[in-house]
Structure formats: C-alpha cells, structure tokens
Trainee: 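Got a structure here, written out as structure tokens. Questions coming.
Values reported hereafter were calculated over all heavy atoms of this structure, with side chains retained and with hydrogens, waters and symmetry mates removed.
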Amino acid sequence: MDTTIGSVPTASDAAAPAPAANSAPREATLGRHLARRLAEVGAREVFTVPGDFNLTLLDELEAEAENGVRLVGCCNELNAAYAADGYARARGGGVGACAVTFTVGGLSAINAVAGAFSENLPVVCIVGGPNSNDYGSNRILHHTIGLPDFTQELRCFQTVTCYQAVVNNLEDAHEQIDAAISTAIKESKPVYISISCNLPSIPHPTFSRHPVPFFLSPRLSNQMNLEAAVETAAAFLNKAVKPVLVGGPKMRVAKACKSFVELADACGYPVAVMPSAKGLVPEHHHRFIGTYWGAVSTPFCAEIIESADAYLFAGPIFNDYSSVGYSLLLKKEKAIIVQPNRVVIGHGPAFGCVLMKDFLHALAARLKKNTAAYENYRRIYVPPGEPPLSEPGEPLRVNVLFQHIQKMLSANSAVISETGDSWFNCQKLKLPEGCGYEFQMQYGSIGWSVGATLGYAQAAKDKRVIACIGDGSFQVTAQEVSTMLRWGQKSIIFLINNGGYTIEVEIHDGPYNVIKNWNYTGVVESFHNGEGKCYTAKVRTEEELKEAIEEAQGPKKDCLCFIEVIVHKDDTSKELLEWGSRVSAANSRPPNPQ
C-alpha cells in the first residue's frame, strides 16, 4: 500500500513502458504514428491549444511537419474544436482533428464536439492525459475536480463520440489509435483519444513501419431488400400525379448527393432542399425550386411540396427548427423517407440494410418521367423583386446587404452562416455552381461560425470564405480572428451589428437579449496589431458598403477583410419573424394532462 503523500511514484509503483521499446528507431514513436495516421486520412492540420499534459504530444506531431501535419495554434479549446468541425466540412465530411489538454481542455472542447456529432462529422478530439504511472495510484491530479478518478472527462465524451480510446500503455496503443480513427471514418462521427503524457515520445516496435493505409470494408446493401424497396417505391411514385423530391442533410453522410442529382435528372420532378441541406444539391439544376422550410420556404416552394400527392425525402431531419415548430403540412402516407441505411414508404413497409446512394441510383432507372409538379411551379412562379434603391445617406437595410453579397458569390467562394438572422438571409442566396455553403442547424451553437471559418479556410485554400456573423454570436468566439490573421487567411467577414440576440428576441424577448456594443473593427485591429494583412471597415450606408466590398475584392483581396455592417435592430427578415413566432409557440406548449 502506498503511504506517501505528494511524492513522485517509485519503482514499486505501476510499471513504466517496457525497455524493449528502446529497440525501435527514434522516429517510431506513438506521437509520430498518430501524426502519420492523421495525415493519411487528410487531417493535415491539427487545431491545438497547448497544456502541460499534451506538450510532448505536440512536439511529436510537430516533428512530422515535413510529412504533411501542421499544428494550428488556437486561442481556446472550444474554437479549436469548432475549427476541426469546419475543416471536416470543407473536405466534404472528411476528418478534422484537434489536440487539447486533460479535462480543462477536453471539457472546453466538448461543446463543439457535440455539435460535430449532431452534424455527422468525423472529428478526432485528442487529449493529453495523465502519466501512465498515475492510473490506479489513488493520487489526485491538477486539472481535475479533485478526485482520484481520471474518468470524468472520458464519461462526458462517451455520449458525444462514437469511440473512446484511453491510451495509457504502448503495447496496444497502435491498435487503439487505428481503431479510433477508422471508426470515426466508418461512422462519420467524432471520436475521443486520450494519450498519457509520458508516452508520445517513446519509440516502440509497433510503430517502426509506416502505417499501412486504412482499408475499410465498404458497406453493402442487402440486394433482396434493395430490389424490393426500389420496386415498391417506383410503384408508389409512378402512380402519383405530381410527385416531388426533397434533399435532406443526411445525404452528405450517406455520400448520396450525386445519386440524388442522378435521380432528379431522370424523373423530371421539381427538386427542393431542406434548410440544413443547402449546398448539397446544385442550385443551378434546371428544376431546382429552392428551400422547403414550411411557412418560411422559398416563395412558391412550399405550395408545390405540400400540394404534391407523393414526396421523396432523402436524408431528412425533422426537428423543431427545420419543421418551423412542427408546423409542416405533410402527410406521412404520401411520403417516402430515405435514410442512410433505411427506406420507409408511407406508414409502411420499411426496408432496412438499404444504402441511400444505392437506392436512389437504382430508382432513377425505374421511374417514369413526370414534370407535372414542375409545370405547376412554372405557372405560379413570379420572379423575386429587387430591394428599392437606397437614397443617398439612407441607413443600410439588411436586404440590400445580401443583394450585394449575392453578387460576390462564385465557384471560388464559400458561405458560412452563423446561427441567427443570417440563417434566413443566407438561405435566399442563389449559390453558383461550385460555391460552398455551411451552417450548423441541428446543434445551433452561437459562435460556431468563427472557429468554423478558420477551419474551413485552412482546408479549402482554393476558396474565399464569406462569413455572415451576428454581433451576439461574434462576442462568444471573436478571438479566433487573430488566428486567421496569423495564418494569412483571406476570408471576408460581415459582422452584422443590430445590437443583440435577434433570433432570441423573436422567440422570446427580454432585456437579456440586449448586449454591450463593441467597437468591432477596433477589436479586430487590436488582434491585427501590425502583424499580417488586415482590412477593416465600418459601414452604415449602401455607398459605404459598396466601397468596402470593392476594397475587399480589389486592393485588399489578399487580406483578411472584416466589414462591420450597422443596421437597425428591428430590420429583421420576415422569415425570422414567422419562424420565431412558431418556434416560440412550440416551446410554450403547456404540459400534457397527467
């Protein structure tokens, strides 16, 4: 029994790594193996915050810089994990990674990891853990809640990751790391890897060879179920008079976007997307009719979808936000719901073990062309009007701002929309072919977009990110703009300053929705501090906005551009007003009778 208090573990304590490890080459370390694995799966930049439990690990990751892994130091762990989320999105649902310290770092990052879980993104969250000798020692460590139990962080991550690896010995470290990363890829969900702080730099024979590339067994559809599902769905849709197609957010995780477009080309139905699927379906498709979002849909889109006698939803998520407070006018008996591994037709039958991409591809060959619903859309469609011209010196209106943002979009740009009024205004943007688009609808964590912009721009260096962020959200994660400057990013950030949490105001107003106004351009200039390339502008009128955009796209095109747009607090999209009232009503429902 150990009776020492606060002393260094002795030889009689838990054994240190085996001496046999020293027979391996110096570069054959756990940390370098992890770096090579991350590089292999495309996570070539790891977003980090140093702490005493992960410093040796960071040394080893940094040592692999020549082989394609770079460390991107962030201001805090929450932002580092948001950046890993954005990095994964830019790579089409590929792997993103962050590395933080034990508990104080991990529990700071966990909010962003939960968001990645909700959005089906394979983020690898790496934590520097306690010394391997401290496990089972009954000692109390710093960065914990003061109990001799090191599992608190692990237990927290178990609900927001699909795999957890606690690496506290070298013998099975290779297997644990490979299992974690491969599971993240297979499940398209985050994973947690804790690595004891004394292990990353120790060579071991299991790391002496360059890792064999992952070969993940492809998932296959059950052919009998696939044929039955296609036959039943084809009969269901071919007898309909005016069927429609709606794409949902799970098409990305199902790798089914191309199959969805193939089906759309073949069947002749009008094509819409749910709000959280914007950017997954090409908006230049000749039968694309916009976003289906119930009462706040693209004009004329809801009328076509809800009047259809059959609708196929590919990868939908029907939550209170996407259903506008559960107010969609849809009938289950008219619907085919296609999830990544399952097809449900009406109230039944249901077909499991059927991959979405296989189903959509096979269905495309079995449907009769039917353009009736699209012809109805063309009959009722009226082109949207232009905002009225601004008078000289007139305060800038939000719809005028987004009219100018629309003109900025191209195949070389990507839009990142923050939670709030930007959700609704960015939905109205018409994305050119190749233009990226991301927002976090399921989790809806304000401040997400700042870190996500950092990560997306770091991964997609061929695109210029245009981020639309509200003032309230920006205050949560603002400091990561300094990291963008440090890494020479060229994003354009529109900070929409309307004096508070506008989306919360529309759901439930109160004095708590008013925030302290910042000098936002001054904040960014202080981050700049003469290092890197930065352009800031504060605009109040359309004339000033035009000048700022011309600068951002001209002389300052190689700079990070931050444009603070000051608008009236009541200048809110009508879609947000409608959505907010319906979500508020859903939130305010009284308890069911007992």
Trainee: Run the ring pair (Phe, Tyr, Trp, His ring centres under 6.0 Å) test on F474 and F562 for me, step by step, so that the C-alpha distance in whole Å, both residues' side-chain angles and the decisive distance to 0.1 Å come before the verdict.
Mentor: CA-CA 12 Å; F474 185 74; F562 183 90; 5.4 Å; yes
Trainee: Using modelled atom types only, decide if a donor and an acceptor are shared between the side chain of E418 and the backbone of I446 within a distance under 3.5 Å.
Mentor: no
Trainee: Does H404 use its side chain to pair, donor to acceptor, with the backbone of M408 at less than 3.5 Å?
Mentor: no
Trainee: Taking all non-hydrogen atoms of both residues into account, name the closest pair between G115 and Q440 and its distance.
Mentor: CA-NE2, 3.6 Å
Trainee: Evaluate the ring pair (Phe, Tyr, Trp, His ring centres under 6.0 Å) criterion for residues Y321 and W423: first the C-alpha distance (whole Å), next the side-chain angles of each, then the deciding distance (0.1 Å), finally the verdict.
Mentor: CA-CA 11 Å; Y321 276 13; W423 273 6; 5.5 Å; yes
Trainee: Begin with the C-alpha distance, continue with both residues' side-chain angles, and end with the deciding distance and a verdict on side-chain contact (heavy atoms from CB on, under 4.5 Å) for I492 and I549.
Mentor: CA-CA 9 Å; I492 301 174; I549 291 174; over 6 Å; no
Trainee: Judged by modelled atom types alone, do E480 and T483 share a side-chain donor-acceptor pair under 3.5 Å?
Mentor: yes
Trainee: Under 4.5 Å between any side-chain heavy atoms of C125 and T161, yes or no?
Mentor: no
Trainee: Which residues satisfy the side chain to side chain donor-acceptor pair (under 3.5 Å) test with K189, sequence neighbours excluded?
Mentor: N120
Trainee: Apply ring-ring contact (aromatic ring centres under 6.0 Å, His included) to F117 and list each qualifying residue two or more places apart in sequence or on a separate chain.
Mentor: none
Trainee: Any sub-3.5 Å donor-acceptor pair from S449's side-chain atoms to I416's backbone N or O?
Mentor: no
Trainee: Answer whether the closest heavy-atom distance between the side chains of K556 and K533 falls below 4.5 Å.
Mentor: no
Trainee: Shortest non-hydrogen contact from G268 to Y374?
Mentor: O-CB, 4.2 Å
Trainee: Output, in order, the C-alpha distance, side-chain angles, deciding distance and verdict of side-chain contact (heavy atoms from CB on, under 4.5 Å) for I185 and V95.
Mentor: CA-CA 7 Å; I185 296 169; V95 176; 3.8 Å; yes
Trainee: How long is the span from the CZ atom in F236 to the CG atom in L367, to the nearest 0.5 Å?
Mentor: 12.0 Å
Trainee: Looking only at atom types and distance, does a side-chain atom of D471 sit under 3.5 Å from a main-chain N or O of G499, one as donor and one as acceptor?
Mentor: yes
Trainee: Considering residues at least two apart in sequence or located in another chain, which fulfil the ring-ring contact (aromatic ring centres under 6.0 Å, His included) criterion with F47?
Mentor: Y87
Trainee: Below 4.0 angstrom, N of the basic side chain to O of the carboxylate: do D558 and K490 qualify?
Mentor: yes
Trainee: With side-chain hydrogen bond (donor to acceptor under 3.5 Å, both in side chains) as the rule and sequence neighbours excluded, what pairs involving residues 260-277 come up?
Mentor: E262-H361, D265-H285
Trainee: Considering non-hydrogen atoms only, spot the tightest contact between D358 and S221 and give its length.
Mentor: OD2-OG, 2.7 Å
Trainee: Pairs in or reaching into residues 288-302: which pass side-chain hydrogen bond (donor to acceptor under 3.5 Å, both in side chains), with residues at least two apart or in two chains?
Mentor: T291-Q427, Y292-E306
Trainee: Can you name the closest pair of heavy atoms from A537 and T521 and give their distance?
Mentor: O-CG2, 3.5 Å
Trainee: Would you find a donor on one side and an acceptor on the other, under 3.5 Å apart, between the side chain of K242 and the backbone of S307?
Mentor: yes
Trainee: I'd like to know if E187 pairs up with R219 as an ion pair, taking the criterion as any Lys NZ or Arg NE/NH1/NH2 lying under 4.0 Å from an Asp or Glu carboxylate oxygen.
Mentor: yes
Trainee: Any side-chain to backbone donor/acceptor pair from S327 onto V324? Under 3.5 Å, distance only.
Mentor: yes
Trainee: Can you sort out the partners of F318 under ring-ring contact (aromatic ring centres under 6.0 Å, His included), two or more places apart, ordered by chain and number?
Mentor: F313
Trainee: So do the side chains of P122 and V191 get within less than 4.5 Å of each other, counting heavy atoms only?
Mentor: no
Trainee: Can you list the steps and then say if Y520 with Q475 is a side chain to side chain donor-acceptor pair (under 3.5 Å)?
Mentor: CA-CA 9 Å; Y520 293 97; Q475 289 193 8; 2.9 Å; yes
Trainee: So does K538 pair up with E544, basic N to acidic O under 4.0 Å?
Mentor: no
Trainee: Please name all residues satisfying ring-ring contact (aromatic ring centres under 6.0 Å, His included) with W487, sequence neighbours left out, ordered by chain then number.
Mentor: none
Trainee: Within this structure, what is the CG-CD1 distance for the pair L312 and I337, rounded to the nearest 0.5 Å?
Mentor: 8.0 Å
Trainee: Shortest non-hydrogen contact from V524 to L485?
Mentor: O-CD1, 4.3 Å
Trainee: List the steps and the verdict of side-chain contact (heavy atoms from CB on, under 4.5 Å) for C426 and Y437.
Mentor: CA-CA 9 Å; C426 288; Y437 186 92; 3.2 Å; yes
Trainee: With a 3.5 Å distance limit and no angle check, can you tell me whether K428 reaches the backbone of N399 through a side-chain donor-acceptor pair?
Mentor: no
Trainee: Could you tell me the separation between the CD1 atom of I336 and the CG atom of L363, rounded to the nearest 0.5 Å?
Mentor: 7.0 Å
Trainee: Could you tell me if the side chain of F402 sits less than 4.5 Å from the side chain of C468, heavy atoms only?
Mentor: yes
Trainee: Would one find more than 12 heavy atoms of other residues, nucleotides or ligands at under 6.0 Å from atom CZ of R486?
Mentor: no
Trainee: Ignoring hydrogens and geometry, is there a side-chain-to-backbone donor-acceptor pair from E119 to Q442 under 3.5 Å?
Mentor: yes
Trainee: Got a sec, which residues hit salt bridge (Lys or Arg N to Asp or Glu O under 4.0 Å) with R464, two or more places apart in sequence or on another chain?
Mentor: none
Trainee: For R366, does its backbone N or O pair with a side-chain atom of N238 as donor and acceptor, under 3.5 Å?
Mentor: yes
Trainee: For residues 454-461, which side-chain donor-acceptor pairs fall under 3.5 Å, sequence neighbours excluded?
Mentor:
from : atom 1 : to   : atom 2 : distance (Å)
Q458 : OE1    : Q489 : NE2    : 2.7
Q458 : NE2    : E45  : OE2    : 2.8
K461 : NZ     : E45  : OE2    : 3.4
K461 : NZ     : Q458 : O      : 2.3

Trainee: Any side-chain heavy-atom pair from K546 and E543 closer than 4.5 angstrom?
Mentor: no
Trainee: Report yes if some heavy atom in the side chain of L431 is under 4.5 Å from a heavy atom in the side chain of F288; otherwise report no.
Mentor: no
Trainee: Got a sec, which residues hit side chain to side chain contact (heavy atoms under 4.5 Å, CB included) with A295, two or more places apart in sequence or on another chain?
Mentor: E578, R582
Trainee: Spell out, as yes or no, whether a donor-acceptor pair under 3.5 Å connects the side chain of Q339 to the backbone of P316.
Mentor: yes
Trainee: Quick one, L401 and V567 - any side-chain contact, counting heavy atoms below 4.5 Å?
Mentor: no
Trainee: Taking distance alone, no hydrogens or angles, what donor-acceptor pairs closer than 3.5 Å link side-chain atoms of residues 247-258 to residues at least two apart or in another chain?
Mentor:
from : atom 1 : to   : atom 2 : distance (Å)
R252 : NH1    : E438 : OE1    : 3.4
R252 : NH1    : E438 : OE2    : 2.9
R252 : NH2    : E438 : OE1    : 3.3

Trainee: Applying side chain to side chain donor-acceptor pair (under 3.5 Å) to N319 and S322, what does each step give before you reach the verdict?
Mentor: CA-CA 5 Å; N319 61 24; S322 66; 3.1 Å; yes
Trainee: Can you find a pair of side-chain heavy atoms, one from E542 and one from E394, that are under 4.5 Å apart?
Mentor: no
Trainee: Taking all heavy atoms of A586 and all of Y326, pick out the closest pair and write down the distance.
Mentor: CB-CD1, 4.3 Å
Trainee: Who are the side chain to side chain donor-acceptor pair (under 3.5 Å) partners of Q553, not counting sequence neighbours?
Mentor: none
